[in-house]
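Scroll down for the structure; my scribbles are underneath it.
Positions are given from 1, in the same order as the sequence printed here.
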Amino acid sequence: MLKDTGERIIPKEMKPTNGMLLEHISRYYFATPYAYGRVLDIACGTGYGSQMVAKTRKTEVTDLIGVDIDPETIKYAKHHYYHPKVTYQTGDILDGTLKEELGQFDTILSFETIEHVPDDREFVEQLKELLRPGGTLVLSTPFGQGRGKPSGSPFHYHQLTEEEFRNLFTSFTDVEFYYQRGVTIEPKRPDIHYPIGVVVCQK
């Protein structure tokens with residue numbers, strides 16, 4: 001059985017009313033209309049989201065690669081979330097050879113990943129390298145005290161402020177920002193606290 005760290009989403013081991021599970025699933029539902037062609041789900045975890053996107057967009061998606069740094073998690077994904085259009089493999093987004101190994105993608109999904117890497121700017125640049133011209137990136141992250149400051153989570157290097165998050169995507173085009181509160185993902189409304197930011201942008 002895959003170890004529950006408190007950070008990893010294992011839907012088959014969680015109650016359907018679990019708030020963290022619902023938040024994660026809602027991000028994949030939000031992203032599915034953007035998925036087309038070759039899709040990369042970076043830090044795919046247990047694979048439930050990769051399978052969900054492939055099923056929902058079976059006519060628009062040609063193939064989907066789910067990549068995660070943890071071999072045991074990839075093993076679990078292969079066993080529990082098989083889909084004929086989905087391939088799971090281990091990999092590190094900060095590995096400069098990933099583009100040579102995987103090629104480029106029309107769509108990249110990256111949910112709650114950027115806070116797990118030491119250099120968020122390098123992370124975004126690597127994603128951009130993996131994205132084809134005109135391709136779409138959908139990315140989310142929790143807000144916090146800012147780059148280089150404690151986040152309160154032992155799994156996060158830091159959590160960006162909203163301003164730092166928005167500034168990461170100035171080199172992209174058609175940039176749209178959304179905000180998540182529970183299962184709701186929407187444009188920002190005044191006087192509402194949103195703990196998570198979501199961006200949809202094109203290369």
Side-chain angles (χ1 to χ4, degrees), residues 2 8-18 20-93 98-114 126-141 172-178 180 182-187 196 198-203:
L2 197 62
R8 182 182 286 127
I9 299 298
I10 313 174
K12 295 181 180 182
E13 305 295 329
M14 303 170 82
K15 293 181 179 180
T17 54
N18 183 291
M20 190 164 73
L21 172 62
L22 294 173
E23 283 185 2
H24 277 71
I25 289 175
S26 69
R27 286 190 277 274
Y28 278 103
Y29 272 119
F30 172 83
T32 50
Y34 298 101
Y36 71 97
R38 294 197 75 220
V39 179
L40 173 65
D41 184 7
I42 194 72
C44 65
T46 55
Y48 67 95
S50 298
Q51 185 193 62
M52 179 192 304
V53 172
K55 279 185 173 181
T56 306
R57 301 283 285 177
K58 58 187 176 183
T59 58
E60 293 85 5
V61 170
T62 56
D63 66 301
L64 189 153
I65 299 180
V67 174
D68 199 275
I69 200 169
D70 181 55
E72 284 302 308
T73 304
I74 287 297
K75 182 179 178 181
Y76 182 94
K78 288 178 177 178
H79 181 73
H80 290 273
Y81 292 102
Y82 168 80
H83 187 278
K85 288 193 173 184
V86 178
T87 303
Y88 298 106
Q89 70 176 70
T90 56
D92 182 351
I93 185 59
L98 207 57
K99 179 182 175 182
E100 183 178 336
E101 180 183 352
L102 301 179
Q104 289 185 302
F105 296 85
D106 300 293
T107 313
I108 297 179
L109 310 178
S110 172
F111 301 128
E112 311 305 275
T113 309
I114 197 170
Q126 289 282 58
L127 292 179
K128 193 172 181 181
E129 281 295 307
L130 288 164
L131 201 61
R132 287 173 176 163
T136 300
L137 169 65
V138 186
L139 181 149
S140 72
T141 191
F172 288 80
T173 60
D174 297 324
V175 182
E176 297 179 347
F177 290 100
Y178 298 89
Q180 183 170 12
V183 298
T184 302
I185 300 175
E186 61 186 5
I196 295 168
V198 182
V199 66
V200 179
C201 53
Q202 290 185 326
K203 179 176 176 178

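- The closest side-chain heavy-atom distance from I65 to F105 is below 4.5 Å.
- Note: D174 CG to T136 OG1 = 8.5 Å, rounded to the nearest 0.5 Å.
- Across all their heavy atoms, E176 and Y34 have their closest contact at OE1-OH, 4.2 Å.
- When every heavy atom of Y81 is checked against every heavy atom of T46, the shortest pair comes out as CD1-O, 3.0 Å.
- If you check the side chains of S26 and Q180, you find a donor sitting under 3.5 Å from an acceptor.
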Could you check R57 against T32 for side-chain contact (heavy atoms from CB on, under 4.5 Å), going step by step and ending with a plain yes or no? CA-CA 7 Å; R57 301 283 285 177; T32 50; 4.3 Å; yes

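- Taking all atoms of both residues into account, the shortest heavy-atom contact from A77 to Y88 is O-CE1, 3.5 Å.
- In this structure, D68 CG and K75 NZ are separated by 15.0 Å, a value rounded to the nearest 0.5 Å.
- A distance of 3.5 Å separates CZ in R27 from CD in E112, rounded to the nearest 0.5 Å.
- Looking only at side-chain heavy atoms (C-beta outward), Y28 and L109 come within less than 4.5 Å of each other.
- With D106 as reference, R132 is the one residue of R132, K203, R38 to meet the salt bridge (Lys or Arg N to Asp or Glu O under 4.0 Å) rule.
- Among all heavy-atom pairs drawn from S110 and I42, the shortest one is CB-CG2, 3.5 Å.
- More than 12 heavy-atom neighbours from other residues, nucleotides or ligands sit within 6.0 angstrom of CD on E101.
- To the nearest 0.5 Å, atoms CD1 (I69) and OG1 (T113) are separated by 11.0 Å.
- Distance alone, capped at 3.5 Å, is enough to place a donor-acceptor pair between the Q104 side chain and the L131 backbone.
- Of the inter-residue distances, the one linking L98 atom CG with D92 atom CG reads 8.0 Å to the nearest 0.5 angstrom.
- A distance of 12.5 Å separates OG1 in T87 from CG in D41, rounded to the nearest 0.5 Å.
- Looking at heavy atoms from C-beta onward, I25 lies in side-chain contact with M52 at the 4.5 angstrom threshold.
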Apply side-chain contact (heavy atoms from CB on, under 4.5 Å) to the pair I196 and E23, showing each step before the final yes or no. CA-CA 10 Å; I196 295 168; E23 283 185 2; 3.8 Å; yes

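- For the side chain to side chain contact (heavy atoms under 4.5 Å, CB included) criterion with L40, the lone passing option out of L130, T107, D63, L64 is L130.
- The nearest pair of heavy atoms linking Y48 to H24 is OH-CB, 3.1 Å.
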Report the C-alpha distance between F30 and V200 in whole Å, list the side-chain angles of each, state the deciding distance to 0.1 Å, and finish with yes or no for side-chain contact (heavy atoms from CB on, under 4.5 Å). CA-CA 10 Å; F30 172 83; V200 179; 3.8 Å; yes

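- The two residues S50 and V86 make their nearest non-hydrogen contact at O-CG2, 3.9 Å.
- Looking at T62, its side chain does come within 3.5 Å of a backbone N or O of G37 through a donor-acceptor pair.
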